[in-house]
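Note sheet for the following structure.
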There are 2 protein chains.
Amino acid sequence: MKGGCCQHQHLPRAIQQPLSELTARLKEKSRKITGPRQAILDVLRRHQHPVTNKEIHAALASEGCDLATIYRNMHTLAAMGMVQRFDFGDGIARWELIAEGEDSHHHHLVCTQCSMIVEIEDCLPEGFEKALAARHGFTNVTHKLEFFGLCNRCSRAASTGATMTVP
Amino acid sequence: MKGGCCQHQHLPRAIQQPLSELTARLKEKSRKITGPRQAILDVLRRHQHPVTNKEIHAALASEGCDLATIYRNMHTLAAMGMVQRFDFGDGIARWELIAEGEDSHHHHLVCTQCSMIVEIEDCLPEGFEKALAARHGFTNVTHKLEFFGLCNRCSRAASTGATMTVP
DNA sequence: AGCTGATTTGCAAATGGTTTGCGTTGACTT
DNA sequence: AAGTCAACGCAAACCATTTGCAAATCAGCT
Ligand SMILES: [Mn+2]
Ligand SMILES: [Mn+2]
Ligand SMILES: [Zn+2]
Ligand SMILES: [Zn+2]
């Protein structure tokens, strides 16, 4: 196992954006810069992987706010194009901050055992989606793609029959 | 618009299996052949696209059963490998019958306007998933991939500014 | 700094899909 | 035909998410 506290892979997608830059984007769209809003953005800013509303809520230490406020803000931020929603098929929304003007489209590789997440930059081959759209007469075609499997640690644990410990 | 009542694309995936063959599979796995079970399988048998539990429930005409029974049976059938679950990101489970021994892995192209579904046989290029797994030290990697866009009819309606009528 | 009005929040209740407890029914074995 | 246990119906519970409403807060203006 190579270096660090955990073997989570941190490919920093949205390069750490200063909070000030994020609130500036709020102001541009004439949204109020409230306490909960800043706190939520600050949590997102510090996460490299998609986080659930509940996780955001838990991460709000002192400056906590109501869960409903988080749900409402994620909608607002998504409509503003500041966050992107991901679905891993468990019916729970996950969110990731989007850097200004960034092409946020990407995918993930999720360990079905320990929930470790790896950011994936690979995507469908060039033209794949376009050809598919043309073939079936569709327009504005996008896709959702997520990978699932056993991470290094979990597959080793499974093969040795060791008792799993969720990190 | 080429022939037929609707332009839904029916690429018959699970070739119409006789109900008797389906119940036989139940018997093999020593599961009781009940009324609800047969009715559910019969509904699935007649659908070419993923259906929700609610849709199955509605399709059960006279021989109706409780919604809870459908939920329980879908779990059972999934565990037996007779149905496969699909997720379109709206938090609603959708199910499709799997032919005996069939490789059920496939994807869909969904119209975000009218919910029309097209079955897609294309998949990731050979080796794509394997390479990704190797690169990140994962094993048993699978993926979920669904496409979304505007179908022919809906994109035409959108461009002409016509009032939409959901078929 | 104080006033004002629209936005945002907290709280609690409502939703909607899904799960579960429990007593009863009924499919299948003997 | 009788016994057994899976499966069912019904109602309540669960859980993520949404929503109504009154109170609090932010932003712009005097
Ligand atoms: Mn990501
Ligand atoms: Mn299908
Ligand atoms: Zn893992
Ligand atoms: Zn359509």
Side-chain angles (χ1 to χ4, degrees), chain A residues 19-20 22-43 50-80 82-95 115, chain B residues 19-20 22-43 50-80 82-95 115:
Chain A
L19 188 54
S20 60
L22 296 173
T23 56
R25 283 214 261 166
L26 287 176
K27 188 165 293 182
E28 275 172 34
K29 298 265 178 63
S30 48
R31 298 295 196 174
K32 296 189 175 177
I33 300 175
T34 67
R37 219 100 99 169
Q38 295 184 73
I40 291 171
L41 286 172
D42 200 40
V43 169
V51 286
T52 65
N53 290 316
K54 197 196 283 186
E55 285 168 345
I56 295 174
H57 189 242
L60 296 177
S62 52
E63 197 63 50
C65 74
D66 197 89
L67 240 188
T69 299
I70 297 181
Y71 277 97
R72 277 193 275 239
N73 271 309
M74 297 324 289
H75 278 289
T76 303
L77 293 173
M80 294 177 58
M82 290 187 66
V83 298
Q84 168 154 11
R85 177 185 171 142
F86 291 95
D87 294 280
F88 290 172
D90 60 358
I92 302 178
R94 283 159 218 270
W95 306 94
S115 299
Chain B
L19 187 54
S20 59
L22 295 173
T23 56
R25 282 215 261 166
L26 287 176
K27 189 166 292 181
E28 276 171 34
K29 298 265 179 63
S30 49
R31 316 229 77 131
K32 297 187 176 174
I33 300 175
T34 67
R37 216 102 97 171
Q38 294 182 74
I40 291 171
L41 285 173
D42 199 39
V43 169
V51 286
T52 66
N53 290 317
K54 195 196 282 185
E55 286 168 345
I56 295 174
H57 189 241
L60 297 177
S62 52
E63 197 64 50
C65 75
D66 197 90
L67 239 189
T69 298
I70 297 181
Y71 277 97
R72 278 194 273 240
N73 271 309
M74 299 323 291
H75 277 290
T76 303
L77 293 172
M80 293 175 59
M82 289 187 67
V83 298
Q84 167 152 11
R85 177 185 171 142
F86 291 95
D87 295 279
F88 291 170
D90 59 359
I92 303 178
R94 283 158 219 270
W95 305 94
S115 300

With sequence neighbours excluded, tell me which residues meet salt bridge (Lys or Arg N to Asp or Glu O under 4.0 Å) with Arg31(B).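 Applying salt bridge (Lys or Arg N to Asp or Glu O under 4.0 Å) to Arg31(B) gives none.
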
Could you pull out all residues at least two apart from [X] that satisfy side chain to side chain contact (heavy atoms under 4.5 Å, CB included)?
| X | result |
| --- | --- |
| Ile33(B) | Thr23(B), Leu26(B), Lys27(B), Gln38(B) |
| Ala78(B) | Val83(B), Trp95(B) |
| Phe88(A) | Pro50(A), Phe86(A), Asp90(A), Arg94(A), His108(A), Val110(A), Ile117(A), Glu146(A), Phe148(A) |

Do Ile70(B) and Leu60(B) touch side chain to side chain, with heavy atoms closer than 4.5 Å?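 Yes, at least one pair of side-chain atoms sits under 4.5 Å.
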
For the residue pair Lys54(A) and Ile92(A), establish whether any side-chain heavy-atom pair is separated by less than 4.5 Å.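 No, every pair of side-chain atoms sits at 4.5 Å or beyond.
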
In this structure, how many angstroms lie between the [atom2] atom of [N] and the [atom1] atom of [X], rounded?
| X | N | atom1 | atom2 | value |
| --- | --- | --- | --- | --- |
| Arg31(B) | dG26(C) | CZ | C1' | 16 Å |
| Asp90(A) | dT18(C) | CG | P | 13 Å |
| Lys32(A) | dT8(C) | NZ | P | 6 Å |

Axis-to-axis angle across the helix from dA1(C)-dT30(D) to dT30(C)-dA1(D), five pairs an end, to 10 degrees?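 About 30° separates the two local helix axes.
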
First and last nucleotide of DNA chain D in contact with chain A, 5' to 3', at under 4.0 Å to a heavy atom: what are they?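 Taking any atom under 4.0 Å from a heavy atom of chain A, the span is dA16(D) to dA27(D).
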
For DNA chain C, what residues of residues 34-41 of chain A have any heavy atom nearer than 4.0 Å?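 Within this stretch, Thr34(A), Pro36(A), Arg37(A) sit under 4.0 Å of the strand.
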
Going by heavy atoms closer than 4.0 Å, what residues in residues 70-79 of chain B are next to DNA chain C?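 Residues of residues 70-79 of chain B that come under 4.0 Å of DNA chain C are, in numerical order, Tyr71(B), Arg72(B), His75(B).
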
Point-to-point distance, once rounded to the nearest 0.5 Å, from [atom1] of [X] to [atom2] of [Y]:
| X | Y | atom1 | atom2 | value |
| --- | --- | --- | --- | --- |
| Met80(B) | Arg25(B) | CE | CZ | 7.5 Å |
| Ile56(A) | Leu67(A) | CD1 | CG | 9.5 Å |
| Leu22(B) | Leu77(B) | CG | CG | 9.5 Å |
| Gln84(A) | Met74(A) | CD | CE | 11.5 Å |

Regarding Ala68(A), tell me which of base, sugar-phosphate or nothing describes its non-hydrogen contacts under 4.0 Å with the strands shown.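 Base, at least one base atom sits under 4.0 Å.
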
Could you pull out all residues at least two apart from Arg37(B) that satisfy side chain to side chain donor-acceptor pair (under 3.5 Å)?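 With sequence neighbours excluded, Arg37(B) shows a side chain to side chain donor-acceptor pair (under 3.5 Å) to Asn73(B), given in chain and number order.
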
Identify, with sequence neighbours excluded, every residue that meets side chain to side chain donor-acceptor pair (under 3.5 Å) alongside Asp87(A).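 With neighbours one apart ignored, the set is Arg85(A), Lys144(A).
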
With nearest nucleotide decided by heavy atoms, which residue, Lys54(B) or Ile33(B), maps closer to the 5′ end of DNA chain C?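 Its nearest nucleotide being more 5', the pick is Lys54(B).
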
Would you mind listing every salt bridge (Lys or Arg N to Asp or Glu O under 4.0 Å) that reaches into residues 55-79 of chain A, with sequence neighbours excluded?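 Applying salt bridge (Lys or Arg N to Asp or Glu O under 4.0 Å) to every pair that reaches into residues 55-79 of chain A, excluding sequence neighbours, yields nothing.
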
